[in-house]
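To keep things clear, I will list the structure first and then write my remarks on it.
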Amino acid sequence: MIVTIDGVAASGKSSVSSGVAQALGVPYVSSGLLYRAATLLGLEANLDLHDAPQLLTLLGTRPVHLEPLAGGNRVWQAGRELTDELHSTRVDRGVSVVAALPEVRAWVDAQLRALPEPFVAEGRDMGTNVFPHASHKFYLTASARIRAERRARERPEDVPAIEAALQRRDELDTVQSAPAPDALVIDTGPLDLQGVIDTILTRLR
Ligand SMILES: Nc1ncnc2c1ncn2[C@@H]1O[C@H](COP(=O)(O)OP(=O)(O)OP(=O)(O)O)[C@@H](O)[C@H]1O
Ligand SMILES: Nc1ccn([C@H]2C[C@H](O)[C@@H](COP(=O)(O)O)O2)c(=O)n1
């Protein structure tokens, strides 16, 4: 069984996926972490992030491993854990460029499709492109203002600055982020975190 949870930036994909996965007793898979890992390694190697052949060569020589767990995902490059470095501001700024490269998307998709079922997969194109055969699909939305207010509770930045950055990311992600035709679209604005998780679990049962 594969459940896909896609959505716009900061719509609650990872928190909701983790809650749903824990309730089901399966791992969840955070696809965005692989794009973030490719970006981090590219930045550390001083590569031009638009240069797909160079990035793919780097990823070939320094293989990245995603460890999906119900409570949170970890990312490794050989013996080094990258997880805590993947949400830095410089990775946030570069990741949309890397995620737009078809070669990098194919690299991520191959790793995701090799994972053993069952799992909950979250990202932008899990239900449309990577797992179109998934048994249950969801797509999370909320206004940029509400998402910024939620983020502001965990970061020392003001709401308008976060809102502007989220709108910019939404625009850059538009190409790969759309609900599958058979996905249930959930506006998380009026719901708390547990309310979103319960909506999904009710549908699954
Ligand atoms: N329905 C909700 N009500 C209140 N807060 C929420 C809700 N859903 C998520 N949050 C909070 O919003 C923030 C963003 O959630 P989360 O990191 O899960 O989003 P995301 O879609 O995975 O983000 P990104 O696209 O950056 O990876 C977190 O602080 C989370 O606790
Ligand atoms: N399936 C996916 C997952 C993520 N991305 C892009 C979108 C973001 O720019 C970036 C990081 O994702 P996040 O960790 O914020 O969910 O990766 C994508 O294009 N497709």
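First listed ligand is number 1; within each ligand, the first listed atom is number 1.
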Under 3.5 Å: N/O of Leu191 near N/O of ligand 1: yes
Protein contact to atom 8 (N) of ligand 1 [nearest heavy atom, distance to 0.1 Å]: Leu193 CD1, 3.6 Å
Short N-O contact, Arg203 and Asp198, less than 4.0 angstrom: no
Nearest-contact summary for atom 14 (O) of ligand 2 - protein heavy atom, Å: Arg36 NE, 2.8 Å
For Ser15, the ligand 1 atoms whose distance to one of its heavy atoms is below 4.0 Å: 15 (O), 16 (P), 18 (O), 30 (C), 31 (O)
Ligand 1 atoms in contact with Asp192 (distance to a heavy atom under 4.0 Å): 1 (N), 2 (C), 3 (N)
contact_flag Arg124 ligand 1 heavy-atom lt 4.0 Å: yes
Closest protein heavy atom to atom 6 (C) of ligand 2, given as residue, atom name and distance to 0.1 Å: Ala99 CB, 3.7 Å
Sub-4.0 Å heavy-atom contact, Arg169 with ligand 1: yes
Contacting atoms of ligand 1, where contact means under 4.0 angstrom from a heavy atom of Val196: 1 (N)
Contact check: Ala10 vs ligand 1, nitrogen or oxygen atoms, below 3.5 angstrom: yes
Ser14 neighbourhood, listing ligand 1 atoms whose heavy-atom distance to it stays under 4.0 Å: 16 (P), 17 (O), 18 (O), 20 (P), 22 (O)
Protein heavy-atom partner closest to atom 19 (O) of ligand 2 - residue, atom, separation in Å: Arg105 NH1, 2.8 Å
Taking every non-hydrogen atom, the tightest pair across Arg74 and Leu69: CD-CD1, 4.1 Å
Identity and distance of the protein heavy atom lying nearest atom 15 (O) of ligand 2: Arg169 NH2, 2.5 Å
Heavy-atom nearest neighbour in the protein, as seen from atom 10 (C) of ligand 2, with distance rounded to 0.1 Å: Val95 CG2, 3.6 Å
Min side-chain heavy-atom separation Ile5-Tyr28 under 4.5 Å: no
Distance-only donor-acceptor check, side chains Arg150 and Thr188, under 3.5 Å: yes
Protein heavy atom at shortest distance from atom 19 (O) of ligand 1: Gly12 N, 3.1 Å
Ligand-side contact atoms (ligand 1) for residue partner Lys13, heavy atom cut-off under 4.0 Å: 18 (O), 19 (O), 20 (P), 21 (O), 22 (O), 24 (P), 25 (O)
Considering all heavy atoms, the nearest Asn129-Arg113 contact: O-NH2, 3.0 Å
Heavy-atom nearest neighbour of atom 3 (C) of ligand 2 within options Ser31, Ala9, Ser11: Ser31
Backbone or side-chain N or O of Arg36 under 3.5 Å from ligand 1 N or O: no
Side chains of Leu33 and Leu66 in contact at under 4.5 Å (non-hydrogen atoms): yes
Least distance between heavy atoms, Ala178 atom then Tyr139 atom: C-CE1, 3.5 Å
Arg153 N/O under 3.5 Å from ligand 1 N/O: no
Interfacing atoms of ligand 2 (cut-off 4.0 Å, heavy-atom, Met126): 1 (N)
Mode of Asp173 contact toward ligand 2 - side chain, backbone, both, neither (heavy atoms, under 4.0 Å): side chain
Heavy-atom side-chain proximity of Gln111 to Trp107 below 4.5 angstrom: yes
Backbone or side-chain N or O of Val16 under 3.5 Å from ligand 1 N or O: no
Trace of the salt bridge (charged side-chain N to carboxylate O under 4.0 Å, His left out) decision for Glu163 with Arg169: CA-CA 10 Å; Glu163 185 179 8; Arg169 277 183 66 195; over 6 Å; no
Any N or O of Arg151 closer than 3.5 Å to N or O of ligand 1: yes
Protein contact to atom 17 (O) of ligand 2 [nearest heavy atom, distance to 0.1 Å]: Tyr35 CB, 3.7 Å
Taking atom 1 (N) of ligand 2 as the reference point, the nearest protein heavy atom with its distance: Asp125 OD1, 2.8 Å
Asn73 to Ser30 - nearest heavy-atom pair and separation: OD1-N, 2.8 Å
Verdict with supporting geometry, Asp173 and Arg124, salt bridge (charged side-chain N to carboxylate O under 4.0 Å, His left out): CA-CA 8 Å; Asp173 293 340; Arg124 301 296 192 289; 3.4 Å; yes
Expected output: side-chain Glu103 to main-chain Ala52 donor-acceptor under 3.5 Å: no
Polar atom proximity, Ser11 to ligand 1 (N or O, under 3.5 Å): yes
Option of least heavy-atom distance to atom 28 (C) of ligand 1 (set: Glu154, Arg150, Gln194): Glu154
For the student: nearest non-hydrogen atoms of Asp158 and Ala161, plus distance: OD1-CB, 3.0 Å
Heavy atoms of other groups near Arg90 CZ, more than 12 under 6.0 Å: yes
Minimal non-hydrogen separation, Ser31 against Val108, with atom names: O-CG1, 4.4 Å
Heavy atom of the protein closest to atom 16 (O) of ligand 2 (residue, atom name, distance): Arg124 NH1, 2.9 Å
Asp182/Lys137 salt bridge by N-O under 4.0 Å criterion: yes
